[in-house]
Colleague: 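This is the structure I have questions about; it appears just below.
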2 protein chains.
Amino acid sequence: MRANSQGTEIEQLLYWLCKMPGFGPRSAKRIALFLLQNRGTVLEPLIQAMENARAKVQNCQACFALSTAPICSICGDSRRDGSLICVVAESSDVWSLERGGSFKGRYHVLGGTLAALAGRGPDKLTIAALVKRIADSASGLQPVQEVILALSATVEGQSTAHYLVDCLRPSGLLVTRLAHGLPMGGELDYLDDGTLAAALSARKPLA
Amino acid sequence: MRANSQGTEIEQLLYWLCKMPGFGPRSAKRIALFLLQNRGTVLEPLIQAMENARAKVQNCQACFALSTAPICSICGDSRRDGSLICVVAESSDVWSLERGGSFKGRYHVLGGTLAALAGRGPDKLTIAALVKRIADSASGLQPVQEVILALSATVEGQSTAHYLVDCLRPSGLLVTRLAHGLPMGGELDYLDDGTLAAALSARKPLA
């Protein structure tokens with residue numbers, strides 16, 4: 001941020017708003033102006049919400065999803081199927097899958113994907129905790145039977161999936177991944193060749 | 001925002017992030033996740049910056065621009081030409097014009113543009129204060145001699161400009177507006193017809 005003549009508090013606010021992903025000087029300016037024009041109605045509650053989230057939100061000790069309790073509501077829900085673990089990269093992926101509501105098992109949040117160039121090796125992710133969690137479950141009431149890798153169909157997501165398959169092989173568990181194919185409502189004309197090829201090779205018989 | 005099962009602090013944060021202009025559930029989720037993953041490095045300084053801005057930032061008593069002092073640094077700068085007042089809609093317009101650095105006069109921030117449909121009549125803007133400021137200056141050291149209307153070339157901006165011209169007519173001052181024409185680097189092919197017509201009618205002799 002270029003310094004402007006409007007005093008340090010505004011400069012500081014713009015500087016820190018610019019740190020957010022997808023924010024540039026222009027969007028930071030727009031948001032700062034909006035916040036300062038709506039102090040009582042938006043800025044104050046937003047500060048309070050951020051402060052509360054900062055103080056209360058932690059990672060679930062079992063699945064590492066963001067949670068306001070040491071054990072998140074999904075891991076603490078005895079009606080969820082503990083024999084099914086869905087591995088995702090981020091907490092937001094849990095929210096996306098829960099929105100659909102079709103998955104009844106539990107989650108494991110890796111905390112990102114492997115990215116050698118960015119220095120994110122396997123030790124930066126919760127892979128060791130996943131392996132331990134699976135091993136520990138074998139002596140419990142609900143041993144894990146299937147691990148679903150719900151990772152993005154990107155180079156990073158798929159290389160993380162490959163690495164996980166290697167880590168999980170000794171456990172002898174069923175390891176699956178999400179299907180690749182046409183998205184609902186997707187038009188053939190607008191699909192990339194990779195998706196088309198994947199959808200073709202994974203075609204299903206209709207009759 | 002649809003409620004999710006991740007506890008109220010995260011929900012609240014998402015709810016308030018969604019209030020920001022240009023934010024939807026998806027961008028709010030991305031920002032919330034980023035903030036919670038970077039608590040010490042971004043979230044805490046951002047909360048502090050927002051809190052400081054909330055407490056310190058006010059409107060300059062002379063020009064109504066956002067300022068950290070009762071009189072902003074531009075109005076308080078004796079080297080600025082007080083006989084020239086540039087009228088803008090928002091404080092961010094002041095920042096944009098100052099970035100260029102070619103204007104040496106003072107500003108007047110209206111606090112928006114006239115918008116009958118949104119219920120923003122002349123009494124919601126600082127028009128009366130502008131007229132009074134000009135009248136008061138007549139008996140001072142630097143009487144205002146020219147008012148530049150730097151308003152957007154939109155229907156709202158131009159109707160506000162027309163209204164201001166009517167308000168300022170009794171003062172007998174020179175009232176000007178920004179030139180309309182080709183933006184620097186603008187290609188004819190990509191320009192709308194309105195801009196082209198304005199540029200054509202305001203053409204300048206070269207030799």
Side-chain angles (χ1 to χ4, degrees), chain A residues 2 4-17 19-23 26-27 29-39 41-58 65-69 72-74 77 90-92 94-96 98-99 111-112, chain B residues 2 4-17 19-23 26-27 29-39 41-58 65-69 72-74 77 90-92 94-96 98-99 111-112:
Chain A
R2 193 180 158 282
N4 64 48
S5 55
Q6 294 303 305
T8 50
E9 279 83 5
I10 300 177
E11 275 169 45
Q12 286 289 319
L13 179 59
L14 291 173
Y15 175 83
W16 286 107
L17 284 173
K19 296 270 174 189
M20 302 217 272
F23 269 60
R26 206 173 287 265
S27 42
K29 224 158 68 177
R30 196 166 56 126
I31 298 288
L33 204 67
F34 171 80
L35 290 175
L36 289 167
Q37 282 167 346
N38 298 276
R39 271 175 234 207
T41 51
V42 180
L43 180 54
E44 283 172 21
L46 178 61
I47 292 175
Q48 196 55 51
M50 285 181 162
E51 183 54 43
N52 289 345
R54 189 196 66 74
K56 294 272 181 66
V57 178
Q58 52 193 306
L66 291 174
S67 160
T68 46
C72 77
S73 57
I74 295 173
D77 184 348
E90 299 285 359
S91 286
S92 57
V94 175
W95 306 344
S96 301
E98 284 299 291
R99 211 173 44 212
Chain B
R2 194 181 158 282
N4 64 48
S5 55
Q6 294 303 304
T8 49
E9 279 82 5
I10 300 177
E11 274 170 47
Q12 286 289 319
L13 179 59
L14 291 174
Y15 175 84
W16 286 108
L17 283 173
K19 297 270 174 191
M20 301 216 273
F23 269 59
R26 205 172 287 264
S27 43
K29 223 156 69 176
R30 195 165 57 128
I31 298 288
L33 204 67
F34 171 81
L35 290 175
L36 288 167
Q37 283 167 347
N38 298 277
R39 271 174 234 209
T41 50
V42 181
L43 180 54
E44 283 173 21
L46 178 61
I47 292 175
Q48 197 55 54
M50 284 181 163
E51 183 53 44
N52 290 344
R54 189 197 65 75
K56 294 271 181 67
V57 177
Q58 52 195 304
L66 290 174
S67 160
T68 46
C72 76
S73 57
I74 295 173
D77 185 347
E90 300 285 359
S91 286
S92 57
V94 174
W95 305 344
S96 302
E98 284 299 291
R99 211 172 46 213

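Residue numbering restarts at 1 for every chain, and letters A, B, ... go by the order of the sequence lines. Note: hydrogens, waters and symmetry copies are ignored here, and every other heavy atom, side chains too, is used.
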Colleague: Rounded at 0.5 Å granularity, tell me how far CG in A/L43 sits from CH2 in B/W16.
Modeller: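 Atom-to-atom, A/L43:CG and B/W16:CH2 are 10.5 Å apart.
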Colleague: Would you say B/E90 and A/L33 make side-chain contact, with heavy atoms under 4.5 Å?
Modeller: yes
Colleague: Within this structure, what is the OG-CZ distance for the pair A/S27 and B/F23, rounded to the nearest 0.5 Å?
Modeller: 8.0 Å
Colleague: Among A/L17, A/L35, A/N52, A/L46, single out the residue with the greatest number of heavy-atom pairs under 4.5 Å to chain B.
Modeller: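 Top count of heavy-atom pairs under 4.5 Å with chain B: A/L46.
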Colleague: Who among A/Q48, A/M50, A/K19, A/M20 has the most heavy-atom pairs with chain B under 4.5 Å?
Modeller: A/M50
Colleague: Please flag which part of B/R54 lies under 4.5 Å from any non-hydrogen atom of chain A: side chain, backbone, both or neither.
Modeller: both
Colleague: From B/T68 OG1 over to A/E11 CD, what is the distance, rounded to the nearest 0.5 angstrom?
Modeller: 9.0 Å
Colleague: Just verifying a value: how many Å separate B/K29 NZ and A/S91 OG, rounded to the nearest 0.5 Å?
Modeller: 11.0 Å
Colleague: Could you pull out the closest heavy-atom pair between A/A53 and B/L13, with the gap in Å?
Modeller: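 Heavy atoms of A/A53 and B/L13 come nearest at CB-CD2, 3.9 Å.
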Colleague: Tell me which of these, B/L36, B/N38, B/D77, has more heavy-atom pairs under 4.5 Å with chain A than the rest.
Modeller: B/L36
Colleague: Between B/E51 and A/E51, does the side-chain contact (heavy atoms from CB on, under 4.5 Å) criterion hold? Intermediate values first, please.
Modeller: CA-CA 11 Å; B/E51 183 53 44; A/E51 183 54 43; over 6 Å; no
